Chemist: 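Quick one: the structure is below, and I'll ask about it shortly.
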Amino acid sequence: MKPLTQYGLMAEKHWREFLPRMVAELERKGRLRELLLETEEKTVAEMDDLRRHFMQQGLTPQQAQNRAWEIVWERYIFLPPET
């Protein structure tokens with residue numbers, strides 16, 4: 001079984017705290033780990049694309065990485081809390 005990376009671990013921690021119903025449903029269906037792995041893949045792929053884009057615009061690698069993270073984190077990892 002493939003271990004989760006930092007992104008998957010961050011997502012799981014956030015989801016368990018702020019999206020407990022979603023986590024419970026995913027666990028019930030046996031899909032939580034699958035979705036966490038998909039989240040990691042999407043995060044890494046999109047961050048890579050954005051990082052390259054920002055570097056082409058003249059940002060340093062660190063600036064590009066930071067900008068990409070600012071965009072991607074809320075799309076996949078830090079989802080809005082349940083109401």
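Source: prediction; values computed, not measured. For the numbers below, each heavy atom of this structure counts, side chains included, while hydrogens, waters and symmetry mates do not.
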Chemist: In this structure, would Tyr76 and Leu35 fall into the same cluster of hydrophobic residues linked by side-chain contacts under 4.5 Å?
Modeler: no
Chemist: Quick check on side-chain contact (heavy atoms from CB on, under 4.5 Å): which of Met10, Lys42, Glu12 does Ile77 satisfy it with?
Modeler: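 With Ile77 as partner, Met10, Lys42, Glu12 yield a single side-chain contact (heavy atoms from CB on, under 4.5 Å), made by Met10.
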Chemist: How long is the span from the CD atom in Gln65 to the CG atom in Leu50, to the nearest 0.5 Å?
Modeler: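 Going from CD on Gln65 over to CG on Leu50, the span is 10.0 Å.
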Chemist: Run the side-chain contact (heavy atoms from CB on, under 4.5 Å) test against Glu17 and tell me which residues pass, sequence neighbours left out.
Modeler: none
Chemist: Going by the rule salt bridge (Lys or Arg N to Asp or Glu O under 4.0 Å), which residues pair with Glu40 if we only count those two or more places apart in sequence or in a different chain?
Modeler: none
Chemist: For Glu34, what residues pass the salt bridge (Lys or Arg N to Asp or Glu O under 4.0 Å) criterion, not counting sequence neighbours?
Modeler: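 Arg31.
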Chemist: Is there a path from Tyr7 to Leu26 through hydrophobic residues (I, L, V, M, F, W, Y) whose side chains come within less than 4.5 Å of each other?
Modeler: no
Chemist: Leu79 vs Trp15, test: side-chain contact (heavy atoms from CB on, under 4.5 Å). Steps then yes/no.
Modeler: CA-CA 7 Å; Leu79 303 177; Trp15 296 359; 3.6 Å; yes
Chemist: Can you name the nearest heavy-atom pair linking Leu4 to Arg33, along with the distance?
Modeler: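 In terms of heavy atoms, the two residues are closest at CG-NH1, 3.7 Å.
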Chemist: Let me check something: do Leu59 and Trp69 share a hydrophobic cluster, defined by ILVMFWY side-chain heavy atoms less than 4.5 Å apart, either directly or through other members?
Modeler: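 Linked, Leu59 and Trp69 end up in one cluster.
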Chemist: Output, in order, the C-alpha distance, side-chain angles, deciding distance and verdict of side-chain contact (heavy atoms from CB on, under 4.5 Å) for Arg16 and Leu32.
Modeler: CA-CA 11 Å; Arg16 286 190 184 281; Leu32 178 61; 3.3 Å; yes
Chemist: List for me each residue that meets ring-ring contact (aromatic ring centres under 6.0 Å, His included) alongside Phe18, sequence neighbours excluded, and say none if there are none.
Modeler: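 Only His14 meet the ring-ring contact (aromatic ring centres under 6.0 Å, His included) criterion with Phe18.
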Chemist: Once rounded to the nearest 0.5 Å, what's the spacing between atom CD of Glu25 and atom CE of Met22?
Modeler: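 Interatomic distance, Glu25 CD to Met22 CE, rounded to 0.5 Å: 10.5 Å.
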Chemist: Can you name the nearest heavy-atom pair linking Leu36 to Gly8, along with the distance?
Modeler: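 Shortest heavy-atom separation between Leu36 and Gly8 comes out as CD2-O, 3.7 Å.
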Chemist: Salt bridge (charged side-chain N to carboxylate O under 4.0 Å, His left out): which pairs involve residues 50-62, sequence neighbours left out?
Modeler: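 The answer is Asp48-Arg51, Asp48-Arg52.
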Chemist: Taking the side chain as C-beta and beyond, is there a heavy-atom pair between Lys13 and Leu9 under 4.5 Å?
Modeler: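 No, too far: nothing below the 4.5 Å cut-off.
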Chemist: Could you walk me through whether Gln63 and Phe54 pass side-chain contact (heavy atoms from CB on, under 4.5 Å), step by step?
Modeler: CA-CA 8 Å; Gln63 289 170 327; Phe54 292 134; over 6 Å; no
Chemist: So, using salt bridge (Lys or Arg N to Asp or Glu O under 4.0 Å) as the criterion, who are the partners of Lys2 when residues are at least two apart?
Modeler: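 Result, salt bridge (Lys or Arg N to Asp or Glu O under 4.0 Å) vs Lys2: none returned.
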Chemist: Could you pull out the closest heavy-atom pair between Pro80 and Leu19, with the gap in Å?
Modeler: O-CD2, 3.4 Å
Chemist: Is there a donor-acceptor contact under 3.5 Å linking the side chains of Gln62 and Asn66?
Modeler: yes
